[in-house]
Trainee: 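Here it is, the structure in full.
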Amino acid sequence: MDTVMKTKKIFACGLVAALCAGLMTGCGVGKESQFNKYSKCATVDKSAYTDVEYVPESREITDDDVQKAIDKFCSDNSETSEDKTSTIKDGDKINVDYVETISGTEKDSKTDYSLTMGSNTLGDGSDEQLIGSKPGDKKTITVTYPDDYSDTTLAGLTAEYAVTINYISVTNVPEYTDALVKKASDGEYTTTDDYTKHLREDLQTEKNDSADSADRTAVLKAIIKKVKFDKYPEEEISGYVQTVVSNAQKNAENYGIDFETYTKYFYGYSDEASFLDYLHTTVESVMQEKIVVSCIALDNDLIADNDDVQAYREKVMKKNNLENESDVDKYYSEDDLMFYATEENVLDFVMGRTVQVDSTEEATPTDSTEAE
């Protein structure tokens with residue numbers, strides 16, 4: 001029952017990422033071809049990317065941030081044990097075997113399956129029927145699928161689960177001690193003071209990287225707001241939108257639901273027209289980035305060379321913990337790498353022409369009489 005719910009966020013979050021990745025791919029004919037193509041869609045005056053104002057992201061690391069990192073370190077080094085005597089209560093994580101039947105026909109079965117009480121993984125009201133039981137108990141619980149359930153073949157039907165409770169999984173979080181630090185780091189760090197310093201340095205690096213990325217994004221958006229776009233490559237936009245729609249239709253079919261139900265459930269759009277408007281808006285926003293980057297790159301001789309592309313490859317490998325360059329090629333085409341490496345050059349260039357401010361909001365004029 002929980003399969004669709006688990007994948008909802010994955011599909012919703014993945015859509016924009018998929019669009020962005022695809023839209024950054026050029027036609028692949030000559031090093032500058034993809035940039036020439038998009039630069040014809042607007043004129044980006046140098047004033048649009050000169051003295052751009054932005055509010056820099058905070059780079060401060062607080063003691064609370066460090067404490068959270070310490071807590072996570074301890075949690076990551078937790079050990080679990082099997083409690084086979086206690087009574088199950090809300091919040092417990094339990095291990096079960098189950099067989100689900102509907103109208104006497106087996107629909108699903110699992111062994112060594114984890115359930116967290118309170119999440120109702122097996123369906124609404126399922127956990128209430130398990131709380132109060134003990135490991136070793138065998139329980140039969142019933143769950144009724146709602147009338148508007150996404151899988152219309154199950155809507156309104158009652159499922160019966162034969163559940164065998166194996167044990168309650170107990171997590172034991174260790175204290176933050178020198179011994180834990182030494183053991184968990186294989187001797188690289190021997191005291192909590194040293195490891196806390198290491199955690200703070202790592203947090204600072206991550207914070208700086210995150211802030212840099214946010215600042216660069218904010219500046220690019222500020223530039224885009226100043227640009228008037230003459231046109232968009234409509235055929236390309238339509239092609240990408242149709243690809244996403246076709247994929248969504250296939251996914252809906254796989255779930256056994258109609259297209260409008262799928263888009264409403266996963267994206268919150270009640271009809272196809274609204275969903276298509278959303279897709280067009282999303283694609284156009286990515287196109288705007290593509291167009292602005294292309295114009296600035298061509299006007300300032302910032303097209304990535306082979307060294308720039310290689311540097312970006314290495315950045316991707318490091319950021320995603322990839323082992324070799326062939327792994328990068330699974331996710332990025334040569335044109336993708338060319339664009340992103342060029343975008344890095346463009347952002348480096350425009351960040352050197354920015355002005356940091358406390359606020360980008362225009363001050364409200366004060367009435368001269370009141371001021372006096």
Side-chain angles (χ1 to χ4, degrees), residues 2 5-7 9-10 13 56-98 110-122 126-127 130-137 163-215 314-324 327-328 331:
D2 60 326
M5 184 66 73
K6 287 179 179 178
T7 56
K9 289 186 178 180
I10 296 174
C13 295
E57 286 287 311
S58 170
R59 286 161 169 74
E60 179 186 4
I61 297 297
T62 66
D63 290 341
D64 187 50
D65 293 330
V66 176
Q67 185 58 53
K68 287 179 180 178
I70 291 173
D71 293 343
K72 183 178 184 302
F73 168 74
C74 292
S75 179
D76 289 345
N77 285 280
S78 297
E79 296 181 351
T80 59
S81 59
E82 299 177 2
D83 180 350
K84 297 185 177 182
T85 60
S86 298
T87 299
I88 295 172
K89 62 184 182 301
D90 189 30
D92 281 347
K93 184 176 181 180
I94 67 174
N95 181 280
V96 303
D97 302 333
Y98 75 75
K110 292 282 192 307
T111 59
D112 195 30
Y113 189 69
S114 293
L115 300 172
T116 299
M117 296 297 92
S119 61
N120 284 313
T121 303
L122 298 181
S126 61
D127 291 351
L130 294 173
I131 291 174
S133 304
K134 290 186 175 182
D137 289 352
V163 181
T164 299
I165 302 170
N166 298 323
Y167 57 84
I168 302 171
S169 182
V170 179
T171 300
N172 303 298
V173 181
E175 292 184 7
Y176 189 53
T177 62
D178 291 349
L180 175 64
V181 166
K182 185 175 180 179
K183 178 182 177 182
S185 69
D186 292 328
E188 183 178 357
Y189 300 94
T190 58
T191 69
T192 54
D193 287 344
D194 286 344
Y195 198 73
T196 299
K197 181 180 178 182
H198 161 70
L199 288 175
R200 184 178 287 276
E201 290 172 350
D202 275 358
L203 286 172
Q204 190 64 65
T205 297
E206 292 174 5
K207 187 78 169 182
N208 290 343
D209 289 345
S210 176
D212 286 343
S213 178
D215 289 348
E314 293 171 1
K315 180 179 179 179
V316 170
M317 290 176 63
K318 181 178 180 180
K319 183 177 181 179
N320 297 282
N321 295 316
L322 301 178
E323 294 183 358
N324 52 62
D327 292 329
V328 177
Y331 306 101

Trainee: Around atom NZ of K110, are there more than 12 heavy atoms from other residues, nucleotides or ligands closer than 6.0 Å?
Mentor: yes
Trainee: For T192 and T177, work out which heavy atoms get closest and say how close.
Mentor: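 Looking at all heavy atoms of both residues, the closest pair is CG2-C, 3.4 Å.
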Trainee: Using every non-hydrogen atom in the two residues, find where A211 and S58 come nearest and quote the distance to one decimal.
Mentor: CB-O, 4.0 Å
Trainee: Counting heavy atoms not belonging to D63, are there more than 12 under 6.0 Å from its CG?
Mentor: no
Trainee: Can you run down the salt bridge (charged side-chain N to carboxylate O under 4.0 Å, His left out) pairs that involve residues 201-214, sequence neighbours left out, and say none if there aren't any?
Mentor: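 Every pair satisfying salt bridge (charged side-chain N to carboxylate O under 4.0 Å, His left out) with a residue in residues 201-214: R59-D212.
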Trainee: For K134, enumerate each residue passing the salt bridge (Lys or Arg N to Asp or Glu O under 4.0 Å) test, keeping only those at least two apart in sequence or located in another chain.
Mentor: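 If we apply the salt bridge (Lys or Arg N to Asp or Glu O under 4.0 Å) test to K134, skipping adjacent residues, there are no hits.
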Trainee: Using every non-hydrogen atom in the two residues, find where T116 and G91 come nearest and quote the distance to one decimal.
Mentor: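 That closest heavy-atom pairing would be CG2-O, 4.1 Å.
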Trainee: For the pair N95 (side chain) and S114 (backbone), establish whether a donor and an acceptor sit closer than 3.5 Å, ignoring hydrogens and angles.
Mentor: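 Not a single qualifying donor-acceptor pair exists.
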Trainee: Judged by atom type as modelled, is there a donor-acceptor pair below 3.5 Å linking the side chain of S78 to the main-chain atoms of S75?
Mentor: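 Between the backbone of S75 and the side chain of S78 there is a qualifying donor-acceptor contact (under 3.5 Å).
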Trainee: Starting at CG of L130, measure out to CD1 of I94 and round the result to the nearest 0.5 Å.
Mentor: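 Reported to 0.5 Å precision, the distance equals 5.0 Å.
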Trainee: To check you understand the geometry: which heavy-atom pair defines the closest contact between S86 and I168, and what is its length?
Mentor: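 Reported closest heavy-atom pair: O-CD1, 3.6 Å.
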Trainee: Which residues pass the salt bridge (Lys or Arg N to Asp or Glu O under 4.0 Å) test with K89, sequence neighbours left out?
Mentor: D92
Trainee: According to side-chain hydrogen bond (donor to acceptor under 3.5 Å, both in side chains), who are the partners of T85, at least two apart in sequence or on a separate chain?
Mentor: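 Per chain and number, T85 pairs via side-chain hydrogen bond (donor to acceptor under 3.5 Å, both in side chains) with D83.
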Trainee: So, applying side chain to side chain contact (heavy atoms under 4.5 Å, CB included) with V66, which one of R200, K197, Q204 is it?
Mentor: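 The residue from R200, K197, Q204 that satisfies side chain to side chain contact (heavy atoms under 4.5 Å, CB included) with V66 turns out to be R200.
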Trainee: For M317 and V328, what are the C-alpha separation, side-chain angles and deciding distance, and is it a side-chain contact (heavy atoms from CB on, under 4.5 Å)?
Mentor: CA-CA 7 Å; M317 290 176 63; V328 177; 3.4 Å; yes
Trainee: Pair E57, S210 - check side-chain contact (heavy atoms from CB on, under 4.5 Å), show working.
Mentor: CA-CA 9 Å; E57 286 287 311; S210 176; over 6 Å; no
Trainee: Go through the structure and list residues passing side-chain hydrogen bond (donor to acceptor under 3.5 Å, both in side chains) with D186, not counting sequence neighbours.
Mentor: none
Trainee: With sequence neighbours left out, write down each residue that passes ring-ring contact (aromatic ring centres under 6.0 Å, His included) with Y167, or none if nothing qualifies.
Mentor: none
Trainee: Mind checking side chain to side chain contact (heavy atoms under 4.5 Å, CB included) for A184 and listing every partner two or more places apart, or none if nothing turns up?
Mentor: F73, N77
Trainee: Please report the interatomic distance CD(E314) to NZ(K319), rounded to the nearest 0.5 Å.
Mentor: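 Output value for this atom pair is 16.0 Å.
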Trainee: Run the side-chain hydrogen bond (donor to acceptor under 3.5 Å, both in side chains) test against K315 and tell me which residues pass, sequence neighbours left out.
Mentor: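 Residues passing side-chain hydrogen bond (donor to acceptor under 3.5 Å, both in side chains) with K315: E344.
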Trainee: What is the distance from atom CG of L322 to atom OH of Y331, rounded to the nearest 0.5 Å?
Mentor: 6.5 Å
Trainee: For a 4.5 angstrom cut-off between non-hydrogen side-chain atoms, does D127 reach S119?
Mentor: yes
Trainee: Decide yes or no on side-chain hydrogen bond (donor to acceptor under 3.5 Å, both in side chains) for T121 and Y113, but give the supporting numbers first.
Mentor: CA-CA 11 Å; T121 303; Y113 189 69; 5.6 Å; no
Trainee: Less than 4.5 Å apart, any side-chain heavy atom of V181 and any of Y176?
Mentor: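 When only atoms from C-beta onward are counted, Y176 and V181 do touch, with a gap below 4.5 Å.
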Trainee: Only counting residues at least two apart or in another chain, list the ones meeting side-chain hydrogen bond (donor to acceptor under 3.5 Å, both in side chains) with S169.
Mentor: none
Trainee: Compare every heavy atom of N166 with every heavy atom of V96, then report the nearest pair and how far apart it is.
Mentor: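 Result for this residue pair: C-ND2, 3.5 Å.
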Trainee: Roughly how far, to the nearest 0.5 Å, is CG of L180 from SG of C74?
Mentor: 5.5 Å
Trainee: Strictly by salt bridge (charged side-chain N to carboxylate O under 4.0 Å, His left out), give each pair with a member in residues 65-77 just once, sequence neighbours left out.
Mentor: D64-K68, K72-D76
Trainee: Drop me the distance from L122's CG to L115's CG, to the nearest 0.5 angstrom.
Mentor: 5.0 Å
Trainee: NZ/K182 to CG/D194 distance, rounded to the nearest 0.5 angstrom?
Mentor: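 Separation between the atoms: 12.5 Å.
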Trainee: D137: which residues meet the salt bridge (Lys or Arg N to Asp or Glu O under 4.0 Å) condition with it, sequence neighbours left out?
Mentor: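 D137: no salt bridge (Lys or Arg N to Asp or Glu O under 4.0 Å) contacts found.
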Trainee: For D112, check salt bridge (Lys or Arg N to Asp or Glu O under 4.0 Å) against everything at least two apart and list the hits.
Mentor: none
